[in-house]
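What you see below is based on every heavy atom in this structure, not just the backbone, and it leaves out hydrogens, waters and symmetry mates. All chains are named by letter (A, B, ...) in the order of the sequence lines, taking the proteins before the strands, and each is independently numbered beginning at 1.
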Protein chains: 2
Amino acid sequence: MDVKTLCLGLLSLGDACGYDLKKTFESSFKHFFPAGYGSIYPALADLANAGLVECTKVPQAGKPDRKVYRITDSGRRVFLDALNHTEPQHKLRSEFLATIYFADLLDTERLGVLLDDRLQKLRDTVAQIEHIEQEWGPETPAGARFVAGFGAEMAKAAAEYVETNRHLLTNASNGERISEIKAAAGG
Amino acid sequence: MDVKTLCLGLLSLGDACGYDLKKTFESSFKHFFPAGYGSIYPALADLANAGLVECTKVPQAGKPDRKVYRITDSGRRVFLDALNHTEPQHKLRSEFLATIYFADLLDTERLGVLLDDRLQKLRDTVAQIEHIEQEWGPETPAGARFVAGFGAEMAKAAAEYVETNRHLLTNASNGERISEIKAAAGG
DNA sequence: CAAATCATTATCAATCTGATATATATCAGC
DNA sequence: GCTGATATATATCAGATTGATAATGATTTG
């Protein structure tokens, strides 16, 4: 499932322009499927080309025309098919963990900042998810609730792990090793 | 931090060829920074071009020459700099959660399969991490332990969330809605 | 009133993914 | 002894994605 398919899925819930979709990605999908304009606009163009969505230009005073997309019957069929016959991936790409892997090469201060920043972002994620959850009514579909809950729980678990285990990364023998390696680097 | 920088980091721990690096990515980085040949080989070529690593061809009987890469002093400097001055990202891309978001459109069986498959993969991840942890001796750096533990704990928390909350995705009113929507799709 | 943000479009170079190709060696099982 | 899978090792390529950048006028904020 690529951004194109996800856009199609969102359009199955209601008409929208690229800007609207981007806002949905920011509010509901941010923590598990980030997407920027650079993928959304080409996706919409491709979908329209393939006849899976139709586009209507809506002029506005002062602002650029809204290009409102509506899913077609063919589009619905293609989306349902993707949903039912695609093996879904799930992958993390963490430069944070990659950096921590080399914790030996970081001085204590830098390490502290990295961990604190990450904790802050995890807390922000939880707050952001709980904020959108508060605005939901009883009609909000179960899937949306499930994925939001998942995001919040994962962020809490990650924060707890970092807090509980950060002491493992700072032991007395580090200062020495860093000096040696930096010397070898001829810095 | 891109694949290129991570390759440089791994080479700071010892000489290796592309194939070796790929194995390291599979064993230690799989759960938080996957990378394939398509990114590793170009990365090594770029690093060599920039003088951050040196390459020696080692002929072998029957197999292709090993191209063994060794980090240079300049390479070490560049890596330390990246480690200390890059804002590290951390992002999930989950087609699984995207699919579950549209749980209303899935029939019960498909939903069950998706959840069971995910649970199985989470358990595999835990097993794989615990397996590599068992092979470590006392000299294994703290960073490697920390990121492995992180991966295992996250996988456990994810599995627990799925098991505890999967019932929210299957309620009686679903059958009806699916039929309606499929009808609207003109399938 | 200046500065920032909102609303809306769009493009582009660099990077990454996933599949594919090539060639030989070994090893398990029939 | 053959067959098929797996391991060793290289590399490329089309398509997807990222992150930055650009334009332009309206409205909100300080």
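Taking side-chain N and O atoms only, A:K91 has a distance below 4.0 Å to OP1 or OP2 of C:dG18. For the OP1/OP2 pair of C:dT8 and a distance below 4.0 Å, the side-chain nitrogens and oxygens of A:Q60 include at least one atom meeting the criterion. For C:dA10, neither phosphate oxygen OP1 nor OP2 lies less than 4.0 angstrom from any side-chain nitrogen or oxygen of A:Y37. Considering only side-chain N and O atoms, A:K67 lies under 4.0 angstrom from the phosphate OP1 or OP2 of C:dA10. The side chain of A:Y41 contributes no N or O atom lying less than 4.0 Å from OP1 or OP2 of C:dA10. Close to C:dT15, at under 4.0 Å from its OP1 or OP2, lies no side-chain N or O of B:S39. Contact annotation: A:R93 side-chain N/O to C:dC16 OP1/OP2 distance is under 4.0 Å.
Going from atom CD of A:E95 over to atom C1' of D:dT18 covers 11 Å, rounded to whole Å. Atoms CG (A:L92) and P (C:dT17) sit 12 Å apart, rounded to a whole Å. Between the NZ atom of A:K63 and the C1' atom of C:dT5 there is a distance of 13 Å, rounded to whole Å. At whole-Å resolution of the value, CD1 in A:I40 and P in D:dT17 are 11 Å apart. Across the protein-nucleic acid pair, A:L21 atom CG and C:dA10 atom C1' stand 15 Å apart, rounded to whole Å. Atom NZ of B:K22 is separated from atom P of D:dT10 by 13 Å (rounded to the nearest Å). The CG atom of B:D2 sits 14 Å away from the C1' atom of D:dT17 (whole-angstrom rounding). The nearest whole Å value for the distance from the CE atom in A:M1 to the P atom in D:dT17 is 11 Å.
The residue among B:Y69 and A:V3 whose nearest nucleotide of DNA chain D is located toward the 5' end is B:Y69. Mapping B:D46 and A:Q89 onto DNA chain C by nearest heavy atom places B:D46 closer to the 5' end of the strand.
Taking the six-membered ring for Trp, B:F102 and A:F79 have ring centres closer than 6.0 Å. Ring centroid separation for the pair A:F96 and B:F32 does not come in under the 6.0 Å cut-off. Remark: aromatic rings of B:Y101 and A:F29 are close, center separation under 6.0 Å.
For the side chain to side chain donor-acceptor pair (under 3.5 Å) test, no residue two or more places apart in sequence or in another chain qualifies with A:E130.
Checked against C:dT8, D:dA16, D:dT12, the side chain of A:C17 finds its nearest nucleotide in C:dT8.
A salt bridge (charged side-chain N to carboxylate O under 4.0 Å, His left out) with B:E163 holds for exactly one of B:R118, B:K156, B:R123; it is B:R123.
The residue B:K57 sits apart from the nucleic acid: no heavy atom pair falls under 4.0 Å.
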